[in-house]
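Throughout, protein chains are lettered first and strands after them, A, B, ... in sequence-line order, and every chain is numbered starting at 1.
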Amino acid sequence: MTLAELLRGSVHEVAAGLVGWTLLVDGVGGRIVEVEAYAEDDPASHAYRGATLRNASMFGPPGHLYVYRSYGIHWCANVVCERPGRGAGVLLRALEPTHGLERMRARRGVVDDRLLCSGPGRLTQALGLSGADDGADLSRSPFALRPPPTPSVVERTPRIGISRAVEQPWRYVEAGSSWPSRRRRAA
DNA sequence: CTTTCGATGATCT
DNA sequence: GATCATCGAAAGG
């Protein structure tokens with residue numbers, strides 16, 4: 001399965017399918033263990049009310065990044081999905097760090113590796129992503145997105161940190177992973 | 001352990 | 001003026 005093939009599916013297929021893939025930026029990164037789908041016609045999506053200056057990348061080519069500033073402080077990154085005339089994407093919420101640990105520790109300023117990439121804001125800081133990467137093509141250097149040898153087992157839960165469409169189970173987490181963010185209590 | 005709250009700025013109403 | 005796809009420090013049990 002190539003990235004281009006995966007991106008032909010629905011936003012939810014892309015989200016579930018991306019779990020287990022390895023994301024690297026300039027050789028630094030890890031395995032994707034937690035994502036959230038933001039579909040077309042999704043009240044919680046930044047693209048719900050149409051294209052704006054901020055969300056323009058969500059309406060651009062699939063396989064590119066949509067990076068936005070969160071709460072005025074953090075950066076969050078999405079993989080843009082193909083939805084003609086509409087915007088959709090998959091929010092990267094957590095990685096299992098596998099490459100360039102020292103580089104990520106230095107960027108994050110933490111000693112506990114569990115806090116390196118376990119959250120959308122932490123992940124972008126560890127990988128050095130910012131608004132400058134908004135719209136960037138994930139299939140080109142310095143980015144790399146590689147599939148796992150075998151597909152991951154994925155669980156669905158409600159999304160985190162939103163106030164609309166809160167009941168939709170559109171958060172996709174690798175089963176048994178100890179690396180996801182920890183904002184929601186156990187069901 | 002859990003819950004609360006401040007930071008900080010763009011976007012939306 | 002309110003909200004926000006967050007994080008981390010502080011306060012409370």
Side-chain angles (χ1 to χ4, degrees), chain A residues 10-19 23 30 32-60 62-81 83 86-97 104-136 138 154-174 177-187:
Chain A
S10 71
V11 176
H12 297 289
E13 289 170 332
V14 174
L18 275 176
V19 173
L23 170 65
I32 298 171
V33 298
E34 176 185 356
V35 299
E36 286 177 357
Y38 286 88
E40 63 274 27
D41 287 336
D42 177 357
S45 172
H46 288 173
Y48 184 59
R49 296 167 202 280
T52 66
L53 192 57
R54 172 177 69 162
N55 67 21
S57 294
M58 290 188 83
F59 294 81
H64 288 227
L65 281 173
Y66 163 49
V67 183
Y68 70 95
R69 203 189 269 286
S70 174
Y71 288 88
I73 302 173
H74 310 287
W75 296 104
C76 294
N78 294 249
V79 176
V80 174
C81 296
R83 290 291 162 267
R86 310 228 170 176
V90 173
L91 172 67
L92 301 172
R93 287 201 56 93
L95 305 181
E96 173 185 336
M104 292 195 279
R105 292 184 188 115
R107 285 174 175 150
R108 291 277 298 120
V110 298
V111 292
D112 187 346
D113 285 349
R114 289 173 301 184
L115 298 178
L116 275 185
C117 303
S118 59
R122 293 167 177 163
L123 175 163
T124 55
Q125 186 179 31
L127 270 53
L129 294 173
S130 74
D133 300 293
D134 184 37
L138 285 169
V154 181
E155 296 173 345
R156 284 160 44 115
T157 80
R159 294 177 290 185
I160 291 175
I162 59 174
S163 61
R164 315 175 65 152
V166 293
E167 72 285 358
Q168 300 292 353
W170 292 345
R171 172 174 177 254
Y172 296 82
V173 188
E174 182 174 64
S177 175
S178 56
W179 296 99
S181 63
R182 298 280 185 188
R183 295 278 229 114
R184 180 181 284 271
R185 308 188 60 172

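Relative orientation of the A/Tyr172 and A/His12 rings is tilted, given thresholds of 30° and 60° on the angle between their planes.
In DNA chain B, consecutive stretches of 3 or more Watson-Crick or G-U wobble pairs with both distances under 3.5 Å are given as paired ranges: B:1-7 with C:6-12, B:9-12 with C:1-4.
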Q.
For a quick check, with a 4.0 angstrom heavy-atom cut-off, what is the B/S/- contact string for nucleotides 6-13 of chain B, read 5' to 3'?
A. -BBB-SSS
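Remark: A/Arg159 does not engage A/Glu36 in a salt bridge, criterion side-chain N to carboxylate O under 4.0 Å.
Of the N and O atoms on the side chains of A/Gln125 and A/Arg107, not one donor lies less than 3.5 Å from an acceptor on the other residue.
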Q) Step by step, would you call A/Leu127 with A/Leu95 a side-chain contact (heavy atoms from CB on, under 4.5 Å)? A) CA-CA 10 Å; A/Leu127 270 53; A/Leu95 305 181; 3.9 Å; yes
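A/Ile162 comes within 4.0 angstrom of sugar-phosphate atoms only, judged by non-hydrogen atoms across all strands, and of no base.
Protein atom CG of A/Leu116 is 11 Å distant from nucleotide atom P of C/dG8, rounded to whole Å. The distance from atom CZ of A/Arg108 to atom C1' of C/dT6 is 11 Å, rounded to the nearest whole Å. Rounded to whole Å, the distance from OH on A/Tyr172 to C1' on C/dA5 is 15 Å. In this structure, CG of A/Leu115 is placed 13 Å from C1' of C/dA9, rounded to the nearest angstrom. Atom CG in A/Leu129 sits roughly 16 Å away from atom C1' in C/dA5 (whole-Å rounding). Distance CG (A/Leu92) to C1' (C/dT6): 15 Å, rounded to an integer number of Å.
The backbone N or O of A/His46 lies less than 3.5 Å from a partner atom in the side chain of A/Asn55, making a donor-acceptor pair.
Note that CD1 of A/Ile162 and CG of A/Leu91 are 10.5 Å apart. Values are rounded to the nearest 0.5 Å.
A sub-4.0 Å separation between OP1 or OP2 of C/dT3 and a side-chain N or O of A/Ser163 is absent. Between A/Arg122 and C/dG8 there is a side-chain N or O to OP1 or OP2 distance below 4.0 Å.
In this structure, A/Arg114 is not positioned above the aromatic face of A/Trp179 in the sense of NZ or CZ being under 6.0 Å from the six-membered ring centre and within 45° of the axis.
Here A/Tyr38 counts as stacked on C/dA5: its ring centre is under 5.5 angstrom from the base ring centre and the planes meet at under 30°.
Between A/Val14 and A/Val35, every side-chain heavy-atom pair lies at or beyond the 4.5 Å cut-off.
Tested against A/Asp113 for a salt bridge (Lys or Arg N to Asp or Glu O under 4.0 Å), the candidates A/Arg105, A/Arg122, A/Arg108 yield a single pass: A/Arg105.
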